[in-house]
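The next block holds one structure in the form of structure tokens; read it before the comments.
The analysis underlying the following values was restricted to heavy atoms, covering all of them including side chains, and did not include hydrogens, waters or symmetry mates.
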Protein chains: 2
Amino acid sequence: MRWSQIDAIPCPLAQAMSVIGDSWTLLILRDAMRGARKFDEFQQSTRASRAVISARLAHLVERGVMERVQYEAHPPRYEYRLTNRGLALQPVMMTMAHWAETHLPKPVRSAGRRHTTCGHKFRPVVTCSECGETVTPETVTFDRPPALAGSK
Amino acid sequence: MRWSQIDAIPCPLAQAMSVIGDSWTLLILRDAMRGARKFDEFQQSTRASRAVISARLAHLVERGVMERVQYEAHPPRYEYRLTNRGLALQPVMMTMAHWAETHLPKPVRSAGRRHTTCGHKFRPVVTCSECGETVTPETVTFDRPPALAGSK
DNA sequence: TATGTAAGTTCGTTTTCTGAACTCAGTCTC
DNA sequence: GAGACTGAGTTCAGAAAACGAACTTACATA
């Protein structure tokens, strides 16, 4: 199977990967969450090739994660903004960055996240929507244990 | 810049992507969390080419996310197991799958996660380690606002 | 001897990525 | 009004990676 057909797999994770699973895409989204909007900002910050940036932004627009907005008529200029769908990826990226900070050896300056509601620096913690307790890999089971073999 | 040099970028997200950002890698990890261990299980479930599975597993072992263990001496057979570092990706993947379930249009059967501690079906919720409240994109700021332009 | 199995590797072809240059529409400076 | 500049891309040739199928290795079983 081709990677380009990944969206045919009926699994939430595969669906997610079909949208954000390309190289550079997550770094583009990282920059968008930091406030980047213009083509050249994405290109200079990620240092991916312009062709890749172009293809990735188009894909993200097509999948509703970003939108292309004309912000100037003469000359015509466009910028890219996160949609709600794109903004909703923030917890995913925060969790992923936190994994890297705590589980990868290379020392990287942590992001210094602050929760404005309480004012504290914080770690993102994944909890159970029902009891509020921290969810660990050991305390999760699946009701319909997902079939392992790819469906024929 | 090449994707293969992505690990040179001093950003937690880039570091994470250098480990788990390749096509198929996250699906391999998904299967590993469901209990897959053998080469052919990963290949049949993901349906990626054997060469890709081989390269990805080797990369994951190199980066300490999985380990290659001989489980039979005659004939010599090896399997792949998640390390603690790999297991720690579970919250990341759960959060990502939940994003797909709630924010992507295509209807996919949700995973049916159950929290064994409280016994309920649940959604993963990202909360603040300090006050316990749900963290939304709007309530997070960064202390050292990450520089936008790539450092020269 | 023949068949099967698990874990890969190899190979020729197709697809994608890369970096640099180029385009386009319009503005700004001399 | 000529030439340089800007932002948002596209184009192109060469390099790298992915693809599927076949092959290999090392044994076990019939």
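- Put simply, the side chain of B/S45 never gets that close to the backbone of B/E41: no donor and acceptor are under 3.5 Å apart.
- Among the protein residues, B/F42 comes within range of no part of the nucleic acid, since none of its heavy atoms lies under 4.0 Å from any strand.
- Phosphate proximity of C/dT14 to A/W3: absent, as no side-chain N or O sits under 4.0 Å from OP1 or OP2.
- Criterion: ILVMFWY side-chain heavy atoms under 4.5 Å apart, direct or through other members. Under it, B/L87 and B/L60 are part of a common hydrophobic cluster.
- There is no path of hydrophobic side-chain contacts, each under 4.5 Å, that joins B/V92 to B/V125.
- We find that CD1 of B/I53 is positioned 12 Å from C1' of C/dG8, with the value rounded to whole Å.
- Remark: side-chain polar atoms of B/R114 are not paired, donor with acceptor, to backbone N or O of A/T141 under 3.5 angstrom.
- A donor-acceptor pair under 3.5 Å is formed between the side chain of A/R56 and the backbone N or O of A/S23.
- Nucleic acid contact for A/R37: none, since no nucleic acid atom lies under 4.0 Å from a heavy atom of the residue.
- Phosphate proximity of C/dG8 to B/Y80: present, with a side-chain N or O under 4.0 Å from OP1 or OP2.
- Whole-Å rounding puts the B/Q43 CD to C/dT5 C1' distance at 14 Å.
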Letter by letter from the 5' end, nucleotides 19-30 of chain C scores (B base, S sugar-phosphate only, - none; protein heavy atoms under 4.0 Å) B-B---BSS---
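- Between the side chains of B/R63 and B/S18, at least one donor N or O sits under 3.5 Å from an acceptor N or O.
- The CG atom of B/L27 sits 12.5 Å away from atom CZ of B/R47, with the distance rounded to the nearest 0.5 Å.
- Chain A approaches DNA chain D within less than 4.0 angstrom (heavy atoms of the protein), and the contacting nucleotides run 5' to 3' from D/dT6 to D/dG20.
- Against DNA chain C, the stretch residues 58-65 of chain A makes no heavy-atom approach under 4.0 Å.
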Might you work through the side chain to side chain contact (heavy atoms under 4.5 Å, CB included) test for B/Y71 and B/K38, ending with a clear yes or no? CA-CA 10 Å; B/Y71 69 93; B/K38 298 182 185 168; 3.7 Å; yes
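- Residue A/L57 is the one, among A/L57 and A/S4, whose nearest nucleotide of DNA chain D lies closer to the 5' end (criterion: closest heavy atom).
- A donor-acceptor contact shorter than 3.5 Å links the side chain of A/Q15 to the backbone of A/I9.
- Across every non-hydrogen atom of A/M94 and A/F122, the tightest pair is SD-CZ, 4.1 Å.
- Atom CG in A/L29 sits 6.0 Å away from atom CG in A/L89 (nearest 0.5 Å).
- Between the CD atom of B/Q44 and the P atom of C/dT5 there is a distance of 11 Å, given to the nearest Å.
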